[in-house]
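Heads up: the structure comes next, in structure tokens.
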Amino acid sequence: MQRQGYDGTGIKQIAQEAEATLGSVYHFFPRGKQELAVAAIAHANEEFVSQLKAVLDGEADPARAVTAFSKHLAAELRASDWTAGCPITTTALGAAGRFPDIQAAASAAFDRQRELVTAKLSASGFEEEEARELGHMVINTLEGAEIAAQVARSDDPLEIAGRHLARLISAQGA
């Protein structure tokens, strides 16, 4: 689903790539592809949150942390030959408006990401509302930049976004 989206990925393909029988896929996901998509979003988000948290925890300055994370995203995307963009977005957009549970899982995933950035900003002295709004800005901008980088097959969108987000955070924190 990360590479082909919700509609472009069949349950048989999932079973084949997982080296599982179709019966076992339905055993663990009795509601089929829709239930599997919700689980895939949750799993992908846990991986993303773990990486984001490691970068945020590893850098005292939130502006530097955001720059470092944008470079991390660019490196991962480049390493995948530009095919492994955000699995949450790819999956959720393909199911938008049709499957409320997939939409809810994606929304919860982005909420969790924003919470991490907001907490970092709050711990760095930002007022609560400013930290919350900047948390939205950081995640929304990185998400868009990741899509642009994937389409352009270039680090530039993510690196530019990281630099400008860092400037915004530094200016707001001054």
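Fair warning: this is a prediction, and the values are worked out from it, not measured in the lab.
Side-chain contact between Glu59 and Val66: absent, with no pair of heavy atoms (C-beta onward) separated by less than 4.5 Å. The side-chain heavy atoms of Tyr6 and Gln34, taken from C-beta on, include a pair separated by under 4.5 Å. Counting only heavy atoms from C-beta outward, the side chains of Ile169 and Phe126 approach each other to under 4.5 Å. Proximity of Arg112 to Glu46: side-chain heavy atoms (C-beta onward) are nowhere separated by under 4.5 Å. Between Leu121 and Glu130, every side-chain heavy-atom pair lies at or beyond the 4.5 Å cut-off.
Under a hydrophobic-cluster definition in which Ile, Leu, Val, Met, Phe, Trp and Tyr are linked whenever side-chain heavy atoms come within less than 4.5 Å, directly or via other members, Leu73 and Val49 are assigned to the same cluster. Hydrophobic clustering (ILVMFWY, side-chain heavy atoms < 4.5 Å, transitive): Tyr26 and Ile14 are in one cluster. Cluster membership check: Ile11 shares its hydrophobic cluster with Met1, using side-chain heavy-atom separations under 4.5 Å among Ile, Leu, Val, Met, Phe, Trp and Tyr. Under the 4.5 Å side-chain heavy-atom criterion for ILVMFWY residues, a single connected hydrophobic cluster contains both Leu52 and Leu168. Both Phe29 and Val38 belong to a common hydrophobic cluster when Ile, Leu, Val, Met, Phe, Trp and Tyr are linked at side-chain heavy-atom distances under 4.5 angstrom.
Within 6.0 Å of the CZ atom in Arg132, the count of heavy atoms belonging to other residues, nucleotides or ligands exceeds 12. Within a 6.0 Å sphere centred on CD of Glu129, other residues, nucleotides and ligands contribute more than 12 heavy atoms. Atom CD of Glu115 has more than 12 neighbouring heavy atoms from other residues, nucleotides or ligands inside a 6.0 Å radius.
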Solution key, residues 137-146 side-chain donor-acceptor pairs under 3.5 Å, sequence neighbours excluded:
{"unit_1": "Asn140", "atom_1": "ND2", "unit_2": "His136", "atom_2": "O", "d": "3.2"}
{"unit_1": "Thr141", "atom_1": "OG1", "unit_2": "Met137", "atom_2": "O", "d": "2.7"}
{"unit_1": "Glu143", "atom_1": "OE2", "unit_2": "Thr89", "atom_2": "OG1", "d": "2.2"}

Using a 3.5 Å cut-off and no angle test, enumerate the donor-acceptor pairs between side-chain atoms of residues 79-86 and protein atoms at least two apart in sequence or in another chain.
{"unit_1": "Ser80", "atom_1": "OG", "unit_2": "Leu77", "atom_2": "O", "d": "2.8"}
{"unit_1": "Ser80", "atom_1": "OG", "unit_2": "Trp82", "atom_2": "N", "d": "3.4"}
{"unit_1": "Ser80", "atom_1": "OG", "unit_2": "Thr83", "atom_2": "N", "d": "3.1"}
{"unit_1": "Ser80", "atom_1": "OG", "unit_2": "Ala84", "atom_2": "N", "d": "2.9"}
{"unit_1": "Asp81", "atom_1": "OD1", "unit_2": "Arg153", "atom_2": "NH2", "d": "2.7"}
{"unit_1": "Thr83", "atom_1": "OG1", "unit_2": "Arg3", "atom_2": "NE", "d": "3.1"}
{"unit_1": "Thr83", "atom_1": "OG1", "unit_2": "Ser80", "atom_2": "O", "d": "2.8"}

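Leu158 CG to Gln150 CD: the interatomic distance, rounded to the nearest 0.5 Å, is 10.0 Å. Atom CD of Gln172 and atom CD of Glu127 lie 12.0 Å apart (nearest 0.5 Å). The line from OG of Ser107 to CD1 of Ile41 is 10.5 Å long, rounded to the nearest 0.5 Å.
Listed here is the closest heavy atom pair of Ala68 and Val55: CB-CG1, 3.9 Å. Between Arg114 and Gly135, the closest heavy-atom pair is CG-O, 3.7 Å. Contact record, Leu56 with Ala65: CD2-CB, 3.8 Å, taken as the closest heavy-atom pair. Taking each heavy atom of His164 and Arg167 in turn, the nearest pair found is CE1-NH1, 2.9 Å. Shortest non-hydrogen contact noted between Ala131 and Thr118 is O-OG1, 3.5 Å.
Between Ser70 and Thr67, the side chains place no donor N or O within less than 3.5 Å of an acceptor N or O (distance only, hydrogens not considered).
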Practice prompt. Show the numbers, then the answer: is there a side-chain contact (heavy atoms from CB on, under 4.5 Å) between Gln113 and Val117?
Written response: CA-CA 7 Å; Gln113 294 169 21; Val117 175; over 6 Å; no

Fill in: Worked check of salt bridge (charged side-chain N to carboxylate O under 4.0 Å, His left out) between Lys120 and Asp57
CA-CA 8 Å; Lys120 176 69 171 183; Asp57 289 349; 5.8 Å; no

Discussion item. Apply side chain to side chain donor-acceptor pair (under 3.5 Å) to residues Gln51 and Glu47 and explain how you reach the verdict.
Written reply: CA-CA 6 Å; Gln51 293 170 6; Glu47 286 182 356; 5.5 Å; no

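Within the 3.5 Å criterion, the main-chain N or O of Thr9 finds a donor-acceptor partner in the side chain of Lys33. Not one N or O on the side chain of Ser24 forms a donor-acceptor pair closer than 3.5 Å with the backbone of His27.
Judged as a ring pair (Phe, Tyr, Trp, His ring centres under 6.0 Å), the pairs with a partner in residues 55-79 (not counting sequence neighbours) are, in order, Phe48-Phe69, Phe69-His72.
Remark: Asp155 does not engage Lys71 in a salt bridge, criterion side-chain N to carboxylate O under 4.0 Å. Checked for salt-bridge contact, Asp7 and Arg98 meet the test: a charged N lies under 4.0 Å from a carboxylate O.
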